[in-house]
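Below is one structure, written out as structure tokens, with a few remarks after it.
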Amino acid sequence: MSLDELTEKELPVSEEIQFAQSSSKFRTLSPGPIPIPAAPSIRSLAESVSDARANVDVMASHQSENGTISTASSTVSLIESEKAAYEYLPQTPIKSTDAHLVEFSEAMRTVAKALRRVAEGKAAAQAEATEWKRKYELETAQKQQSKIKGCSCCSSNNLEKLASQLTLETPVSDQSVCCGKHGICSHEVLQDEVPGPNPRSSHKMVGRKASFKLSWGCNGDKNGQHKHDFVSFEKGDITTAERSNKQILLKWESPPQTVLFITKPNSNSVRVLCAEMVRWLKEHKNLNVFVEPRVSKELLAEDSYYNFVQTWDNDEETKLLHTKVDLIVTLGGDGTVLWAASLFKGPVPPVVAFALGSLGFMTPFPSEQYRECLDNVLNGPFSITLRNRLQCHVIRDAAKDELETEEPILALNEVTIDRGISSYLTYLECYCDSSFVTCVQGDGLIISTTSGSTAYSLAAGGSMVHPQVPGILFTPICPHSLSFRPLILPESVTLRVQVPFNSRGQAWASFDGKDRKMLSPGDALICSISPWPVPTACLVDSTTDFLRSIHEGLHWNLRKTQSFDGPRE
Ligand SMILES: NC(=O)c1ccc[n+]([C@@H]2O[C@H](COP(=O)([O-])OP(=O)(O)OC[C@H]3O[C@@H](n4cnc5c(N)ncnc54)[C@H](O)[C@@H]3O)[C@@H](O)[C@H]2O)c1
Ligand SMILES: Nc1ncnc2c1ncn2[C@@H]1O[C@H](COP(=O)(O)OP(=O)(O)OP(=O)(O)O)[C@@H](O)[C@H]1O
């Protein structure tokens with residue numbers, strides 16, 4: 001906006017004022033844009049004030065860089081600029097109006113500060129409530145577990161350790177409380193009672209589940225050693241010499257018996273391969289097979305031989321799937337893995353993803369070699385990547401800060417808050433735990449897991465992050481600002497994104513590119529890391545698979561090597 005326009009429109013008084021305008025309660029307090037009468041003195045005053053601001057900035061930066069000398073000189077310029085600004089005041093014919101403006105801006109600044117404190121307090125309370133809910137859920141799971149007869153080879157507090165692994169909290173370093181073989185026994189997950197309408201039937205199914213053990217490879221060796229992040233402060237020296245190797249190995253303790261197939265729809269090659277693999281698993285491995293209702297119909301239409309294939313009818317049965325299934329096989333691209341994960345609102349069985357898509361970041365297994373690949377996985381042990389998911393809740397302003405749904409919405413890649421079909425800038429206020437992060441003005445914001453870092457977040461300029469790195473990516477989409485760089489935050493935080501009341505339009509949240517939800521002014525979305533990750537089987541190991549996919553999938557940093565002949569030093 002030019003200064004000439006400024007004289008007729010509104011004065012951007014300060015950052016705090018902008019914030020105040022965006023805050024929910026300001027709407028009732030604010031008289032709207034501040035009317036400025038057209039007068040040459042305003043232009044001059046604005047120039048002086050902007051000079052003064054520039055000088056304050058210079059002072060601040062020099063203070064940290066060069067110490068007191070530049071501070072003194074900058075202070076002189078500040079005083080001069082202020083003096084200049086005040087000198088204009090007596091000259092202006094509308095002195096009283098300007099004085100009122102200054103007074104008004106001061107008042108607004110105070111209101112803005114108060115409102116920001118209120119908003120931060122609210123964010124803190126909500127973050128705390130979410131954290132308590134998460135703790136409560138884990139505690140409930142532990143209590144349920146303690147009712148069930150524990151694994152004979154594990155100590156009694158293994159579930160606690162498992163829960164801490166699932167939330168990827170720093171585990172305790174005392175190896176003596178681990179499973180005797182330095183791993184985590186799967187009985188805790190697999191025998192976990194299912195929260196559902198028919199706990200009895202789920203209990204019955206539990207008996208059919210295969211048990212497995214998780215262990216940690218040590219410096220690349222698959223020797224099952226379990227190493228923890230270890231902070232030592234003996235003799236006053238802090239060191240982290242010992243470091244955990246996050247490569248997790250899964251070893252079956254009893255053979256897997258049930259496989260669930262999730263397949264990309266409308267693909268002939270996928271349909272043919274699915275029928276072939278189901279037949280092979282039945283005839284050569286004698287496994288039970290579950291498929292989606294659509295696939296069941298397709299298989300039966302093809303041949304009544306597939307009568308043995310099981311499926312489900314309704315959402316309630318889908319909720320119990322994890323108690324019946326030992327292994328998930330996906331046939332498709334990354335979208336099929338996202339779809340498979342979305343069927344599981346709690347624990348997810350290990351996923352073996354065959355590549356039948358175009359990119360395949362999360363689908364490392366070659367479908368042509370499915371027999372060999374499945375043999376390896378069914379025999380074990382194999383490496384897995386524990387992929388974090390985001391758990392999100394929508395809070396409607398109209399519902400007085402109540403969560404919209406009891407169950408969180410889960411996302412394996414990301415939650416995107418964008419402008420949908422609106423042609424206005426999205427305007428979002430973001431908080432991290434109880435701290436204000438920033439306001440997003442642009443096309444939107446992506447809150448991504450590290451698995452999702454190679455998807456939409458990458459396209460919006462976010463960094464690619466190894467899926468085992470414990471972080472949450474905060475990536476703006478086309479921000480209308482020169483300095484809005486993407487952030488990576490620790491995985492322990494709770495993020496809150498609020499559509500302010502003075503936003504010009506609604507925002508839209510989507511989860512892994514699906515389930516769009518409209519966020520009206522006053523609504524908010526809160527996100528944190530879910531305690532239920534998606535374990536995906538690796539072809540080699542997490543790092544090798546990740547690097548292979550960025551090389552082969554994205555042709556990352558592909559450049560012809562310069563020839564040796566040419567100018568040299
Ligand atoms: N501009 C963009 O890049 C853009 C825009 C919208 C959505 N997406 C992504 O698409 C995802 C949904 O995937 P879909 O298959 O259902 O939709 P889709 O069929 O539109 O495919 C989107 C593309 O993203 C790739 N992809 C998905 N997850 C990935 C991951 N973790 N790492 C690398 N690439 C990945 C897929 O392989 C596919 O090529 C969303 O979660 C979002 O990340 C990207
Ligand atoms: N079992 C399923 N049921 C319903 N929709 C599915 C299922 N599997 C995949 N999809 C959807 O189909 C779409 C395409 O799937 P997918 O990404 O696997 O294949 P692709 O687009 O051919 O491969 P790529 O993503 O590698 O380009 C995605 O939007 C995904 O959500």
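First listed ligand is number 1; within each ligand, the first listed atom is number 1. Throughout, residue positions are numbered sequentially from 1 according to the sequence presented.
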Considering only protein heavy atoms, which is closest to [atom], and at what distance to one decimal place?
| atom | value |
| --- | --- |
| atom 14 (C) of ligand 2 | Lys264 CD, 4.3 Å |
| atom 26 (O) of ligand 2 | Ser358 N, 2.8 Å |
| atom 29 (O) of ligand 2 | Lys514 NZ, 3.0 Å |
| atom 23 (O) of ligand 2 | Gly357 CA, 3.4 Å |
| atom 17 (O) of ligand 2 | Gly335 N, 3.0 Å |
| atom 25 (O) of ligand 2 | Asp334 N, 3.9 Å |
| atom 11 (C) of ligand 2 | Pro265 CD, 4.5 Å |

Quick check on contacts: which atoms of ligand 1 are under 4.0 angstrom from a heavy atom of [X]?
| X | result |
| --- | --- |
| Asp512 | 12 (C), 40 (C), 41 (O) |
| Gly335 | 14 (P), 15 (O), 16 (O) |
| Met362 | 31 (N) |
| Thr454 | 30 (C), 31 (N), 32 (N), 33 (C), 34 (N) |
| Ala459 | 1 (N), 2 (C), 3 (O) |

Which of these, [options], has its nearest heavy atom closest to [atom]?
| atom | options | result |
| --- | --- | --- |
| atom 43 (O) of ligand 1 | Met464, Glu414, Lys514 | Glu414 |
| atom 8 (N) of ligand 1 | Tyr456, Phe361, Phe511 | Tyr456 |
| atom 8 (N) of ligand 2 | Thr336, Thr363, Leu343 | Thr336 |
| atom 13 (O) of ligand 1 | Ile446, Thr416, Ile550, Leu338 | Leu338 |

Considering residues, nucleotides and ligands other than [X], do more than 12 of their heavy atoms fall under 6.0 Å from its [atom1]?
| X | atom1 | value |
| --- | --- | --- |
| Lys251 | NZ | no |
| Glu283 | CD | yes |
| Arg516 | CZ | yes |

Hey, can you tell me if Phe308 and Tyr306 have their rings parallel, tilted or perpendicular (30° and 60° cut-offs)?
->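 The rings of Phe308 and Tyr306 sit tilted, inter-plane angle from 30° to 60°.
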Kindly give the heavy-atom pair with the smallest separation between Ser463 and Leu473, and that separation in Å.
->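 Scanning both residues completely, I find the closest heavy atoms to be O-CD2, 3.5 Å.
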Ion pair Glu276/Arg279, N-O distance below 4.0 Å =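 Salt bridge: no.
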Are Glu302 and Arg271 ion-paired here, with the side-chain N under 4.0 Å from a carboxylate O?
->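 No, no charged N to carboxylate O under 4.0 Å.
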Looking only at heavy atoms, is any part of Ser457 under 4.0 Å from ligand 1, and if so is it the side chain, the backbone, or both, or is it neither?
->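 For Ser457, there is no contact with ligand 1 at all, from either part.
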Would you confirm whether [X], through its side chain, and [Y], through its main-chain N or O, come within 3.5 Å as a donor-acceptor pair?
| X | Y | result |
| --- | --- | --- |
| Lys264 | Leu356 | yes |
| Asp512 | Asn413 | yes |
| Gln498 | Gly522 | yes |

Any heavy atom of Leu359 sitting closer than 4.0 Å to ligand 2?
->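 Within the 4.0 Å threshold, so yes.
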Part of Ile262 within contact of ligand 2 (heavy atoms, under 4.0 Å) |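 The part of Ile262 near ligand 2 is the side chain, not the backbone.
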Just distances here: any N/O of Gly333 and N/O of ligand 2 closer than 3.5 Å?
->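 Yes; the residue has a nitrogen or oxygen that sits under 3.5 Å from a nitrogen or oxygen of the ligand.
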